[in-house]
Amino acid sequence: MATERERMISGKLYKASDLELAALNLAAKKRIYQYNHLEPGNPTEQAQLLAQIIDAPSGDAYVEPPFRADYGQNVHVGKRFYANYETIFLDIAPITIGDDAMFGPRVGLYTAGHPLVADIRNEHLEYGYPITIGNSVWLGGDVTVTPGVTIGDNVVIGAGSVVTKDIPSNVIAVGNPCHVLRTITAADHEKWAQQRKEYWEAMK
C-alpha cells in the first residue's frame, strides 16, 4: 500500500494531515523561518540554509527572503536560479525549473488542488499535479502558475498573468488566463544586441 507521501507525489488523492507529511511540513517551515530571518550580508550562511530547503545542485540559486514553501524538497531548480521577494512554492507535487530562470516578486507556483465536489473536498482529501518550467524563463511580478502546467524554454510571462495551460517555447505570454501574445523574433534579438553593444561601449 502506498504511503500518503507517495500518493501525494504521484498525483493521487491523499490526506495532508498524515503524520509523516505534517512532520516534513513542520521541518520545512522551521528552516524557511530561519532563512527568512537571517541578517542580510551573509551569503554563505544563506546559501547553505537554502540548500537544506530546496533541491539546487549547482549551489548558485538565490531566493530573496521572505519566501514560502510547503515542503521545499519537491522544488528542483537548475543553474543560476533567481526568485524575487515573496515567492510561494506550493510543492505538493514536484516543481522542476531549468537553468537561468528568473522570477519577479510575488510569483506563486501552485501544484496543489482540491476536489470540485464539496463533500469529498470536506474530507480534506487533496491532490497535486507537477509544474515544469524550462530554461531561460522570466516570470514577471505576481504571476501565478496553476497545477499541471508546463512552460517551455526562452519564455517571458507578463506581470499579473495566471497560467492555466501549457506555454510553448520562445514566446511572450500574458493575461488571465495567460495566452501567447507573440513569438520572440530575430528583431528582438537584434534590438537587445544593439543595446548591449551600446552599454559596453559606454562603459569603456
Side-chain angles (χ1 to χ4, degrees), residues 3-11 14-114 124 126-147 149 151 157 159-160 162-163:
T3 65
E4 297 288 352
R5 181 174 181 273
E6 290 168 340
R7 293 184 63 86
M8 179 183 79
I9 295 296
S10 63
Y14 75 98
K15 280 204 170 184
S17 58
D18 173 71
L19 293 179
E20 178 191 12
L21 293 177
L24 290 171
N25 178 252
L26 179 60
K29 285 181 177 178
K30 288 182 176 180
R31 291 192 185 101
I32 292 167
Y33 179 88
Q34 287 179 276
Y35 184 88
N36 287 339
H37 290 83
L38 284 174
E39 184 176 352
N42 194 339
T44 300
E45 185 178 0
Q46 203 165 32
Q48 290 172 345
L49 189 50
L50 185 63
Q52 297 175 37
I53 301 169
I54 67 173
D55 175 34
S58 64
D60 56 4
Y62 185 77
V63 179
E64 293 281 3
F67 83 101
R68 298 286 184 269
D70 278 324
Y71 299 98
Q73 62 186 238
N74 298 325
V75 178
H76 312 283
V77 304
K79 299 174 184 176
R80 298 172 295 276
F81 174 68
Y82 174 79
N84 213 316
Y85 305 110
E86 299 181 11
T87 299
I88 298 175
F89 302 105
L90 295 192
D91 59 322
I92 302 303
I95 294 173
T96 305
I97 302 168
D99 296 340
D100 297 298
M102 182 168 63
F103 292 0
R106 294 178 296 278
V107 165
L109 305 184
Y110 305 151
T111 69
H114 304 273
H124 306 293
E126 304 177 8
Y127 66 87
Y129 296 149
I131 290 173
T132 303
I133 296 174
N135 298 318
S136 300
V137 172
W138 172 22
L139 304 185
D142 291 295
V143 165
T144 298
V145 183
T146 60
V149 164
I151 297 173
I157 305 290
V162 179
V163 189

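As the structure is a prediction and not an experimental result, all values here were calculated from the model.
Between Y82 and E64, the closest side-chain pair of non-hydrogen atoms falls below 4.5 Å. At a threshold of 4.5 Å between non-hydrogen side-chain atoms, the residues L38 and Q34 do not count as touching. Here the side chains of I97 and L109 are in contact, with some heavy-atom distance below 4.5 Å. Between Y129 and T146 the shortest side-chain heavy-atom distance does not fall below 4.5 Å. Within the 4.5 Å cutoff, the side chain of L139 has heavy atoms near those of the I151 side chain. Between V143 and F103 the shortest side-chain heavy-atom distance does not fall below 4.5 Å. Inter-residue side-chain proximity for Q52 and Y35 is flagged as unmet; no heavy-atom pair is nearer than 4.5 Å. In this structure the side chain of F67 reaches within 4.5 angstrom of the side chain of L50, judged on heavy atoms.
Of the inter-residue distances, the one linking T3 atom OG1 with D18 atom CG reads 7.0 Å to the nearest 0.5 angstrom. Here CG of N74 is found 3.5 Å from CD1 of I9. Values are rounded to the nearest 0.5 Å. Residue Q73 holds its CD atom at 12.0 Å from CD1 of I53, rounded to the nearest 0.5 Å. Once rounded to the nearest 0.5 Å, the distance linking CD1 of I88 with CZ of R68 reads 8.0 Å. To the nearest 0.5 Å, atom OH of residue Y127 and atom OG1 of residue T111 are 10.0 Å apart. For the atom pair OH of Y71 and CD1 of I32, the computed distance is 11.5 Å after rounding to the nearest 0.5 Å.
In the displayed structure, L19 atom CG is contacted under 6.0 Å by at most 12 heavy atoms of other residues, nucleotides or ligands.
What you find for G78 and S58 is that their closest heavy atoms are O-OG, 3.8 Å. A pairwise comparison of heavy atoms in A112 and P147 identifies O-CG, 3.4 Å as the closest pair. Residues R31 and L49 approach most closely at O-CD2, 3.8 Å, considering heavy atoms. The two residues V77 and A61 have their closest heavy-atom pair at CG2-CB, 4.0 Å. Of all heavy-atom pairs spanning L21 and M8, the tightest one is CD2-CE, 3.8 Å.
A donor-acceptor pair under 3.5 Å is formed between the side chain of D91 and the backbone N or O of G72. Put simply, the side chain of D99 gets close to the backbone of K79: a donor and an acceptor are under 3.5 Å apart.
Here the rule is side chain to side chain donor-acceptor pair (under 3.5 Å) with Y14, and of E126, R7, E4 only E126 fits it.
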